[in-house]
Amino acid sequence: MQIIVEQVLNALQMGVLLFLIASGLSLVFGLMHVVNLAHGALYMVGAYFGITVARGLDNFYLALLLAPLLTAMLGVVLERTLLARTYGRGMYPQVLLTLGLVFAFDELVRIIWGAPIQTLALPPGLEGTVMLFGASVPAYRVLVVVIGAVAIVALLLGFGRTRLGAMVRAGVDDREMAAALGIDVNRLFSGVFAVGSALAGLAGVLSVPIFNAYPGMGSEILISALVVVVVGGMGSLAGALIASLLIGAATVVGQIYAAEFSTAVIYLVLVVVLLVRPQGLMGIAR
Amino acid sequence: MTAFHRTAIAAALAIASAVPLPAAAQGKDLKVGLLLPFSQVFAVYGEAVKEGFDLAIEEAGGQAAGRKIVVLKEDNKEDPKVTLQLVRRYTKDDNVDFLVGPIASHVVAAIRDEVTRAKTFLLVANAGNNEVTGKDCSPYIVRTSFSNWQVNHSMGQYAAENLGKSALTVASNYDSGREQAGAFKEGFVQKGGKAPQEEWPALGTADFTPIITNIRAKQAELDMVWAFLAGSAAPRFVSQVTQAGLRGPKLKMVVPVYGADELFFPAMGDAAVGVMVSGHYMSSLDTPRNLAFQARFQKKYGKVAHVMHVQGYDTAKLMLATVEALKGDLSDKAKVRKMLTSLQVDSPRGYFRIDPRTGNVVQNIYIGEVIKRADGTLGHKILKTYEQVADKGEGCKL
């Protein structure tokens, strides 16, 4: 029982972090048709913002709140000043720009925060284990899953049940038509980019005590996040959620039964999904 | 010919004349080609080796036997192909006297043949794969850092004698991980330990908790977990084991020193306390030689030197001593090799020399435990010294 509860929690925790990153990536792609390779950089910057806030104010919980906000602000600035210039020019300028940003941010982080790997000490109460369904599990993992679940529910409700969400969905389905109906697509872009950046920032700061922070951490997670987006279907939040949990579970199962090949397991999932459903689990064939 | 053409040709000529003259015309500068990474994840290691190297050159007044030292620095990106190209350029175009580097085992393996063909001495300042001073040893390669076997074999012996007979090893699933876990196992079993259980997580594994959960299931029967995980995964693993509540008086965490020293202390925080380490250098070595070195290093760089800094420093020291002993004349390669492998160097890590049979360093291996000092900083308490440990150099026929 202990082992099952722990491994399920491990899978959920992995899935939740992946979703926080992949949802922004998927929405931005769905709405703006931008392949934002710099999304991983926002995750990294969120982690470092979190480190600075947590150390400066000596409060980890404030870091969980402020780091996503700061990351969202940075995201909007990037979107308005740089990405906006590439809209309507096809994919290559975007890929070049966002890939360039990846390198630029890795180097900036190295200059500002230094190259050595850093971590954050967990606040008292989170550093130990708690009992859950008769199993003792790391307390912080539980917090990650809870925060992630809250963010997921808020996002799904906001996306599915509000007028703003409906506008975003309209934009994803048919950008030109949405614009013709009087939706300010540009402001919508910025808004969605901000939300995506905030979620990436949240994932970043949440991951520091587990994965540590170092320049280049964003590129590592970006690959898994891209796999999630493709498996889930571009632009689909529900798809991203299902895919995140699937990839999270696959990672854990892979590690238990074949640790040597565990990093290959997620690609196996990717290949199978692409063979069976090329548009992704919840994607719409176009 | 248009005006544009004339300008272009003039510009080309100007650029051509600015290119450095061939080596022969440059007098007797001692040229060193660095094969180190200065970008991406490996940059921390490259910078560390260079900082130590630079300090030693500076102490020598930037010269050896009257020859001015010129250090060529180029980012090898710790990529085998890039490094191979760099070796060709350094040896063919720049005519360097020594090559220094690289960090990763697979990179040194990739340049081994080219270095040997070019008959240029490579001083390995980190990469620890056993073969390069074992079955793939070369008359042109000496290693001042360590071999994977050397650092971990002594720990295997110490652990079986002092920590218990039941161990589990966790190592990244690649050559270096296999070699290090194998060396620990060899020493452990020699001293009466049971053959350890093994876990081999893939390179690039982000979350080790599924494996840690497996360890928890075996917790009762284990005395220690020995781990080597590549790069940023090393401190992450220790943190995750600690968060899972597995650490305690009963279950010891054991790692090679480069998995728990000043480089990774910021990444580990208090989770580092109590971790057992083995290695060829610890900053807290209480010898006059080391204290003086640390004082100079901290004055120059404002931080505590760790094992990678010392490896860079000692590589330069051995090179300088060799050039001095030969009065700057490096023309006879056999003599250079003989000198490199016969000098004894008084290092911050204690005396070391190069084994003439294999080219690997012969040095003390220290066993220590991470402690929190009164001032709140982390450091190592040294528990035992294995004097002058030499690698077996399996398969080396020189």
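Worth knowing before you read on, the calculation uses all heavy atoms, side chains too, and leaves out hydrogens, waters and symmetry mates. Here is how names work: the chains are called A, B, and so on, in the same order as the sequence lines, proteins then strands, and each is numbered from 1.
- Within the 4.5 angstrom heavy-atom criterion, no atom of B:Ile212 approaches chain A.
- More than 12 non-hydrogen atoms from other residues, nucleotides or ligands lie less than 6.0 angstrom from NZ of B:Lys300.
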Distance-only donor-acceptor screen, chain B against chain A, under 3.5 angstrom:
unit_1: B:Gln40; atom_1: O; unit_2: A:Arg110; atom_2: NH1; d: 3.3
unit_1: B:Trp200; atom_1: O; unit_2: A:Glu260; atom_2: N; d: 3.4
unit_1: B:Ala202; atom_1: N; unit_2: A:Ala259; atom_2: O; d: 3.1
unit_1: B:Asp207; atom_1: O; unit_2: A:Gln255; atom_2: NE2; d: 2.5
unit_1: B:Asp207; atom_1: OD1; unit_2: A:Arg141; atom_2: NH1; d: 3.2
unit_1: B:Asp207; atom_1: OD1; unit_2: A:Arg141; atom_2: NH2; d: 3.4
unit_1: B:Asp207; atom_1: OD2; unit_2: A:Gln13; atom_2: NE2; d: 3.0
unit_1: B:Asp207; atom_1: OD2; unit_2: A:Arg141; atom_2: NH1; d: 2.8
unit_1: B:Thr209; atom_1: OG1; unit_2: A:Arg141; atom_2: NH1; d: 2.8
unit_1: B:Thr209; atom_1: OG1; unit_2: A:Arg141; atom_2: NH2; d: 2.7
unit_1: B:Pro210; atom_1: O; unit_2: A:Gln7; atom_2: NE2; d: 3.0
unit_1: B:Thr213; atom_1: OG1; unit_2: A:Glu6; atom_2: OE2; d: 3.3
unit_1: B:Thr213; atom_1: OG1; unit_2: A:Asn10; atom_2: ND2; d: 3.2
unit_1: B:Arg216; atom_1: NE; unit_2: A:Glu6; atom_2: OE1; d: 2.7
unit_1: B:Arg216; atom_1: NE; unit_2: A:Glu6; atom_2: OE2; d: 3.3
unit_1: B:Arg216; atom_1: NH2; unit_2: A:Glu6; atom_2: OE2; d: 3.1
unit_1: B:Arg236; atom_1: NE; unit_2: A:Phe211; atom_2: O; d: 3.3
unit_1: B:Arg236; atom_1: NH2; unit_2: A:Tyr214; atom_2: OH; d: 2.9
unit_1: B:Gln240; atom_1: NE2; unit_2: A:Ile210; atom_2: O; d: 3.0
unit_1: B:Gln243; atom_1: NE2; unit_2: A:Pro209; atom_2: O; d: 2.8
unit_1: B:Pro266; atom_1: O; unit_2: A:Thr119; atom_2: N; d: 3.4
unit_1: B:Ala267; atom_1: N; unit_2: A:Ile117; atom_2: O; d: 3.4

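- Heavy-atom minimum distance, B:Val44 versus A:Pro116: CG1-N, 3.7 Å.
- By the side chain to side chain donor-acceptor pair (under 3.5 Å) test, B:Lys250 pairs with B:Asp223, sequence neighbours left out.
- Put simply, of A:Ile256, A:Ile210, A:Leu122, the one with the most heavy-atom pairs under 4.5 Å next to chain B is A:Ile210.
- More than 12 heavy atoms of other shown residues, nucleotides or ligands fall within 6.0 angstrom of atom CZ in B:Phe38.
- Each of A:Gly128, A:Ala139, A:Ala121, A:Pro209 has some count of heavy-atom pairs under 4.5 Å with chain B, and the biggest count is that of A:Pro209.
- Surrounding CG of A:Leu96 are more than 12 heavy atoms belonging to other residues, nucleotides or ligands, all under 6.0 Å away.
- Listed options B:Gly269, B:Ala48, B:Ala244 were ranked by heavy-atom pairs under 4.5 angstrom with chain A; first place goes to B:Ala244.
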